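Throughout, protein chains are lettered first and strands after them, A, B, ... in sequence-line order, and every chain is numbered starting at 1. As the structure is a computational prediction, the values presented were derived from the model and not from experiment.
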Protein chains: 2
Amino acid sequence: MTLKTLDNSLEVLKYFSKENPTWGVRELAKEMNISHSIIYRILATFENQGFLIQHPETKKYELGLRFLEYGQMVKDKLNLSDFVLPIMKNLAEAIKESVFLTWLDGTDGVTVEIAESSQTIKFSVSIGTRTPLHIGASCKTIMAFLPDERKKEIMDHGMKKITPETITEPDKMLADLEKIKQQGWCFTTGEYSHSVFGVGVPLFNSKKEVIASLTIAGPIYRKPTEEKLPEMVNVLQYGAMNIQRYFDQYSFKLYHE
Amino acid sequence: MTLKTLDNSLEVLKYFSKENPTWGVRELAKEMNISHSIIYRILATFENQGFLIQHPETKKYELGLRFLEYGQMVKDKLNLSDFVLPIMKNLAEAIKESVFLTWLDGTDGVTVEIAESSQTIKFSVSIGTRTPLHIGASCKTIMAFLPDERKKEIMDHGMKKITPETITEPDKMLADLEKIKQQGWCFTTGEYSHSVFGVGVPLFNSKKEVIASLTIAGPIYRKPTEEKLPEMVNVLQYGAMNIQRYFDQYSFKLYHE
DNA sequence: TCAAATGTCTCTATAATAGAACCGTAATTG
DNA sequence: CAATTACGGTTCTATTATAGAGACATTTGA
């Protein structure tokens with residue numbers, strides 16, 4: 001059983017996004033179809049604790065500095081920048097496309113580390129970005145290696161179509177995942193964004209459970225030809241192997257182990 | 001009026017620190033002197049929403065990936081890395097000590113950006129670190145330029161002594177702050193940590209209210225001599241002036257403006 | 001100049017929470 | 001190896017905090 005008040009409050013917090021970073025009390029109440037009194041109390045409480053701040057003139061609320069602290073703590077705990085990021089940077093340089101690490105978190109994949117391509121046109125994504133597991137190479141790579149019951153949970157959780165290419169039919173998805181699992185990698189075009197391609201490979205914990213994926217992505221006009229794809233997969237798998245070795249060696253304990 | 005349930009829950013969250021990143025239900029309940037049922041419900045609710053995760057074997061809780069997202073959003077909003085960080089890096093190189101930017105947040109100063117010294121022995125601090133405003137050069141610099149009633153609030157909020165050098169007597173503090181305000185900078189030794197010196201200067205918003213400070217810090221054995229100090233202050237003030245110009249120019253809107 | 005929208009506050013029926021007691025399991029210890 | 005302690009999780013009900021409508025003073029904008 002969960003606390004309803006806290007649950008609602010966290011739901012409110014989720015409306016503070018990159019697209020909508022500031023909210024007025026009644027504005028947010030209208031958006032959520034909730035009484036403005038309730039929203040007011042929630043926002044005021046978050047503000048009291050430094051999780052939100054209120055602009056003294058506009059009276060609107062936005063995320064507070066408290067999140068810097070917590071975000072940094074999570075980052076420190078993941079401890080990817082010392083060993084994993086350099087590997088990713090090398091990869092990005094070799095392939096000349098952006099490389100990113102996606103972590104499994106419930107029914108989402110979360111971008112936890114990025115090495116951007118040096119090209120002027122490149123795939124770009126923020127740390128902390130959250131994507132449903134049925135969308136795109138980085139996420140489907142993870143989903144493919146999950147137990148069947150987890151796959152079902154994720155599909156039951158709802159498969160939103162965000163581009164025409166997004167797969168939303170359960171049967172089609174299962175067939176696709178099966179193929180990914182067998183070949184050990186995933187290649188997609190236009191699923192996450194209509195102008196992006198991606199190639200992903202999985203990463204596992206010591207119990208051989210999938211916990212993350214390593215993915216390269218770039219603009220669709222640079223997508224690999226059928227002959228070039230195996231080579232790209234090879235390079236990516238080599239990088240993943242190095243990261244995997246680090247996970248194994250240091251008995252990478254954080255999350256799902 | 002604030003929501004008690006949410007308030008308590010956020011208080012619980014604050015126990016997840018760098019020093020104590022993982023907590024079991026009863027362990028945390030004991031620490032907080034609260035029934036373990038209550039703690040359990042709070043932790044379970046946070047976990048449900050991805051703000052905490054539970055280790056499947058030890059059953060202990062730690063911060064979840066959701067904070068990566070929020071932390072990054074706050075960082076993006078501050079938008080310091082493009083213009084301010086390079087200035088800080090230049091400063092750090094010129095002075096050969098670490099330089100950091102501290103933001104006013106309630107009764108605390110929060111480290112929001114860092115340029116580390118290239119020396120092997122250097123002052124090091126994490127982004128998001130929160131320090132009471134009465135401690136150290138970076139914080140006292142801010143406090144000195146706050147209105148008197150805010151100073152009183154901060155002192156009433158409690159002045160913990162964390163080193164022998166920490167000033168905790170209100171009268172002594174006020175005299176110290178007055179001096180800082182008049183000279184426009186602050187030099188401290190051993191207040192934050194017994195082995196650290198710091199020199200700080202204030203930064204203001206468009207209404208001339210203090211919102212942050214720029215500080216250099218290093219090991220106490222490299223602290224500037226009385227003759228060298230003015231030069232160091234000069235270099236620091238020059239950097240601060242550049243940052244200030246950026247704040248003014250781009251009508252730096254985030255927080256306290 | 002008037003009307004609509006805003007953040008904040010007050011009130012009370014109602015619904016959610018606190019906290020003790022309990023459960024089965026896992027770890028610890030004599 | 002048996003007994004004890006500690007653990008996360010659950011159930012129960014008296015108590016308490018919350019939901020939600022409404023009012024208020026300001027501000028905004030037509």
Nucleotide of dG7(C), dC22(C), dC9(C) approaching Y40(A) most closely (side-chain heavy atoms): dC9(C)
Can you tell me the distance, in whole Å, between the CD atom of E27(B) and the P atom of dG9(D)? 14 Å
Confirm from the modelled atom types if S37(B) and dA20(C) form a donor-acceptor pair under 3.5 Å, side chain to base only. yes
Within the structure provided, determine whether L101(B) and T215(B) are in side-chain contact (heavy-atom separation under 4.5 Å). no
For the pair made of CG in N48(A) and P in dT8(C), what is the distance, rounded to whole Å? 12 Å
Atom NZ of K60(B) and atom C1' of dG8(D) are separated, to the nearest Å, by 11 Å
Please state whether the phosphate of dT8(C), meaning OP1 or OP2, lies under 4.0 angstrom from any side-chain nitrogen or oxygen of Q54(A). yes
In whole angstroms, the gap separating P of dA17(D) from CG of L6(A) amounts to 17 Å
R26(B) atom CZ is separated from dC22(C) atom P, nearest whole Å, by 13 Å
For K14(A), I'd like to know if atom NZ has over 12 heavy atoms of other residues, nucleotides or ligands within 6.0 Å. yes
Would you say K4(A) places a side-chain N or O within less than 4.0 Å of OP1 or OP2 belonging to dA16(C)? yes
For a quick test of reading the model: is some side-chain N or O of K30(B) closer than 4.0 Å to OP1 or OP2 of dC7(D)? yes
Taking only side-chain nitrogens and oxygens of R41(A), does any of them come within less than 4.0 Å of OP1 or OP2 of dT18(D)? no
For D105(B), is there an ion pair with R130(B) - N to carboxylate O distance below 4.0 angstrom? yes
Considering only heavy atoms and no angle criterion, is a donor-acceptor pair shorter than 3.5 Å present between the side chain of H36(A) and the base of dT8(C)? yes
Atom NZ of K59(A) to atom C1' of dT28(D): distance rounded to whole Å? 15 Å
Need to verify one output field. Residue with the more 5' nearest nucleotide on DNA chain C, G24(A) or L3(A)? G24(A)
Do the charged groups of E69(A) and K18(B) touch, with an N to O distance under 4.0 Å? no
Side chain of Y61(A) only, heavy atoms from C-beta on: which candidate in dA21(D), dA20(C), dT8(C) is closest? dT8(C)
What's the CD1-P distance between I42(A) and dT8(C), to the nearest Å? 14 Å
Could you pull out the closest heavy-atom pair between A240(A) and V201(A), with the gap in Å? CB-CG2, 3.5 Å
L52(A) CG to dG7(C) P: how many Å, rounded? 14 Å
